[in-house]
Amino acid sequence: MSTPVPGLEAEPTALPPGTKVGAWRVDGIRGWGTFGTVYRAVAEGDPQANPVALKLAVYPGDVRFAREVELLSRIRHPSVPQLLEAGVWRSPLGVKHPFVVMEWVEGEPLYTWASRRTPSSRQVLALLAQVAGALQAIHEVSGLHRDVKGDNMLVRLADGRLFLTDLGAGYFARAAKLTPWHTVPGTPEYRSPQLWQAAQRSSPEPGVSLPAQPEDDVFALGVTAYRLVTDTYPPFAHPAMRQWHSWLPGESGAVPPKQLNPRVDAQLNALILRMLSPRHEERGEAGALEQAMERGVAHAVPATNTLLFEWETLPPSKWAEVERAEAEYLGHRPRRRDRQWVLIFDQMDATARARAEQREAEARAPAARATQPVRSRRWMSWLAALLTLGLWPEESGSLRTRPGLALSESTSEEDVVSLGESALRSPDEPAKSPRASAVAQQVLKNPLPGQLKPDAKGRCPNKQIAIKGGCWLKVEAVPEECPTTGYTHQGGCYFPFFASKAEPAAAPQE
C-alpha cells in the first residue's frame, strides 16, 4: 500500500518524498531507467536507520523484477549490492508495480567519478578487479549481467569500492525469455561482435533468445575499461559500421588504449585488449582477469602509479571545435582534467573516508556514539563552501579561480597521487592522510596538519577567517545543521582550508 502526498499524483517514475512503498518511505530520487526508477528510501518509523535503494517498476506487473530478484538472491559478493526485500506497490489508481529493495551505495557512477579525478593505472586495475570478481560471482550461478557499463557501476566514496549495479537485464539458466530474437539486451556500444552477428541471423526456433555468454559480459567490461582510460569508445562492433571488419577473428580489434593515451600502464593496456579480443575464447573468465588485475596492483611498477590524465592548461576559448563538442559530453577535454576540480573532490573523498572510520569506531564504542552523534552527510555544502572562495563553473564544465587562491597552483602531481592512492588501502589499515583524520573531528581545534595559516599580519585570503592560528571559512549554518564535513565554533559552522606545498608543481609524468 502507498500513502500519496496530498496534492501530488504519485507515479512510479516520480514519487514525491514521503510516499510510502511497502515498509519504506521515499526520501529522494536517484535515477531513471527504461524499466525502473531508483529512489533513496528509509525504513518507515525509523528515520535514523541506514538508507536503502528502492527500485520501482515503471510498468505494472513487470516480470523482469521477479527475474532480477531471483538472480540477486543467488549472488553473494562485496561488489554487488545486497538484496534486502521485494514486494508490490499499489498506485493511487490501484495499479500494481513490483519493487526491489537493495543496499544503498553512497557514491558516484564510474565515469562521473573518473571525470572529477585523475586516477592512476593502479587505481583502475584495483577497481576493475572488483567488478571482474562480481561478474565471476554472477557467472558461477549460471547468470549473466548483460548490461555491463560504467553507468551501472558506483564508486563508494567511503572506501573506494566499485559496485556493479542494475541487474534488470540479467539472465540465468532456465529463466523466462522476455525479449524476441532480434532484440539485443543491454547498451549498443558495449555489445560484442558475436552478439551483433547473432542478431543478424534468423531465429532457429520461436521464442529463443540470443545466445549471450559470459565472454560477452567480459567484452562489455573491456569497453568500460577502454572508455575509462581514453575518454572514448572502441570501434562499434555492429556489422553495418565501417570499422566492423576490425572485429573479425584474426583482426586487431580496437586501437590499443596506450596508443591513444601513452600514460596507460603496459599491463593494464594488455588486459583491456584481452577483454576486447575479437575471438571470444581469448577473453578468458572474469575470475582469471580479477586475479591478473590484483597481481598488477600488488606488484605495481613506477609507471603503474603515473596519473592517467594531464592537467588542463588551455582555456575553453582555445580548444579545437571537435574538443568543444567532446567536452560537452565528457565535461572536460578528452584525457585532460581540471586541477581545481580534482583537488576539491580528493578532499571530499578524504572526508568521506574519515567519516566512515568514525562511524565504525562509534559502532564499536556505544558510549562514544552517544556523545558524538553522526549527522547526515551533505556533500554539496562542502562544494558550495569552496565555491564561495572564488571557484565557479566556466563554459564546458571547467573551473577557474580568483588570483591568490592557495589551493592548487603549487600542488604537485605527486600530491594528487598520494590522495588517490589512499583509497587502495584495506578497510582495516589506518588512514595515512592527516587531512582525512582531522576532518572527522566535530569541534574547531587548533590548526590542522597542512591547514592554511594567516599571513604575518594575521590575515587569510578571500573570505576566510583567522581563528586559533588557522584559516577557516564560515558557512551559513547553525551548529545543529552543520554538515559532518564541518566544525562548530562559538555557535558557528566552519570549514578548514588546506595549504599547498611551496614548491612549484611537478611536470606531468610521461
Side-chain angles (χ1 to χ4, degrees), residues 1-6 8-44 51-75 80-105 138 141-149 151-152 164-188 199 203 205-210 212:
M1 294 296 293
S2 65
T3 305
V5 176
L8 292 175
E9 184 67 24
E11 295 291 341
T13 56
L15 295 184
T19 302
K20 185 180 178 184
V21 179
W24 311 91
R25 188 168 292 279
V26 170
D27 188 42
I29 192 165
R30 176 157 209 164
W32 296 266
T34 303
F35 300 105
T37 303
V38 179
Y39 297 92
R40 186 182 189 273
V42 295
E44 173 70 9
V52 298
L54 189 152
K55 182 178 179 181
L56 183 62
V58 172
Y59 302 105
D62 194 337
V63 294
R64 293 176 181 81
F65 276 63
R67 194 168 67 180
E68 182 175 3
V69 168
E70 174 64 24
L71 184 54
L72 281 170
S73 68
R74 300 182 179 191
I75 302 168
V80 177
Q82 182 182 356
L83 174 67
L84 301 176
E85 186 188 352
V88 175
W89 172 75
R90 187 187 297 271
S91 76
L93 300 177
V95 181
K96 297 180 179 179
H97 296 259
F99 68 84
V100 181
V101 179
M102 295 165 286
E103 172 188 4
W104 176 263
V105 179
I138 294 173
V141 296
S142 301
L144 296 171
H145 189 284
R146 301 202 299 182
D147 199 16
V148 176
K149 58 182 179 180
D151 294 330
N152 284 339
L164 180 60
T165 65
D166 196 354
L167 274 71
Y171 180 79
F172 55 89
R174 295 182 296 279
K177 308 294 192 301
L178 302 178
T179 54
W181 177 263
H182 292 285
T183 302
V184 184
T187 305
S203 172
E205 298 178 18
V208 176
S209 296
L210 281 171

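Just the heavy atoms: all of them, side chains too, but no hydrogens, waters or symmetry mates, feed the values below.
- Within the 3.5 Å criterion, the main-chain N or O of Arg40 finds no donor-acceptor partner in the side chain of Trp104.
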Please step through side-chain contact (heavy atoms from CB on, under 4.5 Å) for the pair Thr165 and Met102, ending with a clear verdict.
CA-CA 10 Å; Thr165 65; Met102 295 165 286; over 6 Å; no

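- Taking all atoms of both residues into account, the shortest heavy-atom contact from Asp147 to Ala169 is CB-CB, 4.2 Å.
- Pairing each heavy atom of Phe99 with each of Val88, the nearest pair is CE2-N, 3.3 Å.
- Side-chain atoms of Arg67 do not come within 3.5 Å of backbone N or O of Tyr171 as any donor-acceptor pair.
- Considering only heavy atoms from C-beta on, Val52 stays 4.5 Å or farther from Glu85 through its side chain.
- Closest of all the heavy-atom pairs between Val69 and Ala86 is CG2-CB, 3.7 Å.
- Once rounded to the nearest 0.5 Å, the distance linking CG of Leu54 with CG of Leu15 reads 8.0 Å.
- Looking only at distances, no side-chain donor or acceptor of Thr37 sits under 3.5 Å from a matching main-chain atom of Trp32.
- Here the shortest heavy-atom pairing between Pro98 and Gly61 reads CD-N, 3.7 Å.
- The distance from the CD1 atom of Ile138 to the CG atom of Leu72 is 8.5 Å, given to the nearest 0.5 Å.
- One N or O on the side chain of Glu103 and one on the backbone of Gln82 form a donor-acceptor pair closer than 3.5 Å.
- Nearest heavy atoms, Pro12 versus His97: CG-CE1, 3.6 Å.
- We find the NZ-CH2 distance between Lys96 and Trp89 to be 13.5 Å, quoted to the nearest 0.5 Å.
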Before you tell me yes or no, could you show the steps for Leu167 and Ile75 under side-chain contact (heavy atoms from CB on, under 4.5 Å), namely the whole-Å CA-CA distance, both residues' side-chain angles and the distance that decides it to 0.1 Å?
CA-CA 11 Å; Leu167 274 71; Ile75 302 168; 3.7 Å; yes

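- Closest approach of Tyr39 and Thr13 over heavy atoms only: OH-C, 3.2 Å.
- Separating the CG atom in Asp166 from the CZ atom in Arg146 is a distance of 12.5 Å, to the nearest 0.5 Å.
- A donor-acceptor pair is defined here as one N or O able to donate and one able to accept, closer than 3.5 Å; such a pair exists between the side chain of Arg25 and the backbone of Gly18.
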